[in-house]
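Read the numbers this way: they start at 1 and go in the same order the structure lists the ligands and their atoms. What you see below is based on every heavy atom in this structure, not just the backbone, and it leaves out hydrogens, waters and symmetry mates.
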Amino acid sequence: MTEQKRQEIFDQAAQILKINDRGTYTVPTHGLYPFQWNWDSCLTAIGQSYVDEHRAWVEVDTLFAHQWEDGMVPHIVFHQLDDGYFPGPEVWGTNRSVPTSGITQPPVAGFAVKRLYDMAKDKNLARARARELLPRIDRWHEWFYSNRDPANEHLVALIHPWESGRDNSIDWDAAFERVPTEGVAPYVRRDTQHADPAHRPTKAQYDRYIWLVEHFRSLDWNNSVLHDASPFQIVDPGFNAILIRSCADLAELAAELGEPDIAKRNQQRAADGLAALDKLWSDSLGQYVCFDRAACSLIDSASVGGLLPILVALPEHRGDALVARLEKLGESCRYLVPSHDPLDGKYDAKRYWRGPVWLIINYMITDGLRKSGYNDMALRIENASLELINTGGFAEYYDPTTGEPCGGASFTWTAAMVMEFIRRAA
Ligand code: GLC
C-alpha cells in the first residue's frame, strides 16, 4: 500500500471519529448504537489522541464520570434518550440520574490510558488527567476481584454474554442453554432494523439476554449477590487477559506518577492473574479456553477469546503455541483473525462473533505479538486489517474469507484502530 493511500485511509478514519463525536463521548456508529459504550470509548480515545489529545482524555473521563458507587464501570451510558436501541434504560431499570446499563464490559481502560499517556505530546496534560483516572481504574479492578471472583481464584467471571464484548460467541452456547426464556416481557428488537438479521444474534439468544437482565434487575443490581445468583458464570481467558494487562499497565503508570500503593496492588493482581490463567490452557486445541464456573468444566470451543492472552507476559512456550495457532487459522481463511475457528462446524462467517474478523481484536492481538517480539505475525495481521479497510470500508466486522463488510458502517472503533495500525508502524 502506498504512503499516499495510507494517509488517505488515516484521514478517512479521523473523519469517522468526528462524525460520531457527540461532544464529550463518541457513539460506536450512528443508528445501531446511539450511546456511549465502555470499551468502545477507551479504544476510540487512542485514535482521537492522534488528532486532539485533550478530546481523547475527555472520552475516558466521561465514561468514568458514570462509574458506580461500588466501583463498576457500566457497559453503556445512556446520555440521551433514543428509542432506536433495545434494551433501553427502562429495561435496565438501574435508577441513576443519567441512566446506565447494569453490567460491565472488558476493562481496557488501564491499557488505553497507559497508551494515551505514552503517546502524549502534552505530558503535563497527560500527567494531570492520568493521575485523576488512576484511582478510579484501580477501584474498577478491585470491583472485579471482589465481586466476580468469590473463591479468590484470581480469575473473574462474566455473568452476561454482553459483558465479554463478544456477544453471541459460540463459547457461550452450552452454558446459555441453562438460562431460561420463560416469563420474559414482550419486546421489539431494534438491531435487526439497522443491520442484516443474518449477521446478528438469533431470537432465542435475545430472549436469554433479556431474561438475565430482568433477573438481575429483580435483584436490584446488587453486585454482591449477582455473581452467585446468575445461572451464567463464565471465566473468559480473553476478558481476564485484558484485565491482567490493564492491571500491569496501570501498575507501571502508577509507579511513574508516584502512586506506589496503586502500583503495588495492581502489580500483584497482574502476577496472580497471570499464574491463574494457565488453568485455562487446552492442550488439545493448543490455545486457552473458557471455563464454565456454574458447571465446573472447561468449554471446548476454539474462539479468539483464547488467543487474546497474547496480550500479557506469557511464558515463551505458550506464546509460541498461540502464534502456531494463528498460523493454522491462516490456512483456513484469507483474513486473520477470525473470531472463531473456521474448521468448527458451528463457525458462521458473517454472524457477529461466531466467525467474523473484528479490527479491535486484531489491534489487541498485534499489540501483544509486538510486545513479545512476534513481529512477522503482527505485520501479517496488520496488513490483512488494512486490506479489509481498503476493500470494504470501516465496517463493524468482516467475513474472514471474502472480506465482505458486515454489521454497522462508519464504525468508530474500527476507525480508531486503523489509525493505530497506520501510525504505530511508521
Ligand atoms: C456489540 C459488540 C460489543 C460492542 C458494542 C458497541 O454489542 O459485541 O463488543 O461494545 O456492540 O459497539
**Inter- and intrachain pairs under side chain to side chain donor-acceptor pair (under 3.5 Å), touching residues 285-296, at least two apart** = Arg178-Asp292, His227-Arg293, Gln287-Arg325
**Request:** Inspect the surroundings of CD in Gln267 and state if more than 12 heavy atoms from other residues, nucleotides or ligands are less than 6.0 Å away.
**Result:** no
**Request:** For residues 24-51, pull every pair meeting salt bridge (Lys or Arg N to Asp or Glu O under 4.0 Å), keeping only residues two or more places apart or in separate chains.
**Result:** none
**Prompt:** Are Trp413 and Phe394 close enough that their ring centres sit under 6.0 Å apart?
**Reply:** no
Please tabulate, for side-chain N and O atoms in residues 76-83, each donor-acceptor pair with protein atoms closer than 3.5 Å (sequence neighbours left out).
unit_1, atom_1, unit_2, atom_2, d
His79, NE2, Gln36, OE1, 2.8
Asp82, OD1, Gly84, N, 2.8

**Asked** Does Glu142 come within less than 4.0 Å of Arg139, counting only side-chain N to carboxylate O?
**Response** no
Polar pairs, ligand 1 vs protein, N/O only, below 3.5 Å.
unit_1, atom_1, unit_2, atom_2, d
ligand 1, 7 (O), Asp167, OD2, 2.7
ligand 1, 7 (O), Tyr352, OH, 3.2
ligand 1, 8 (O), Gly165, O, 3.0
ligand 1, 8 (O), Asp167, OD1, 2.7
ligand 1, 8 (O), Asp167, OD2, 3.2
ligand 1, 8 (O), Trp353, NE1, 2.8
ligand 1, 9 (O), Trp39, NE1, 3.1
ligand 1, 9 (O), Gly165, O, 2.7
ligand 1, 10 (O), Trp39, NE1, 3.2
ligand 1, 10 (O), Asp40, OD1, 2.6
ligand 1, 10 (O), Gln105, NE2, 2.9
ligand 1, 11 (O), Tyr33, OH, 3.3
ligand 1, 12 (O), Asp40, OD2, 2.7

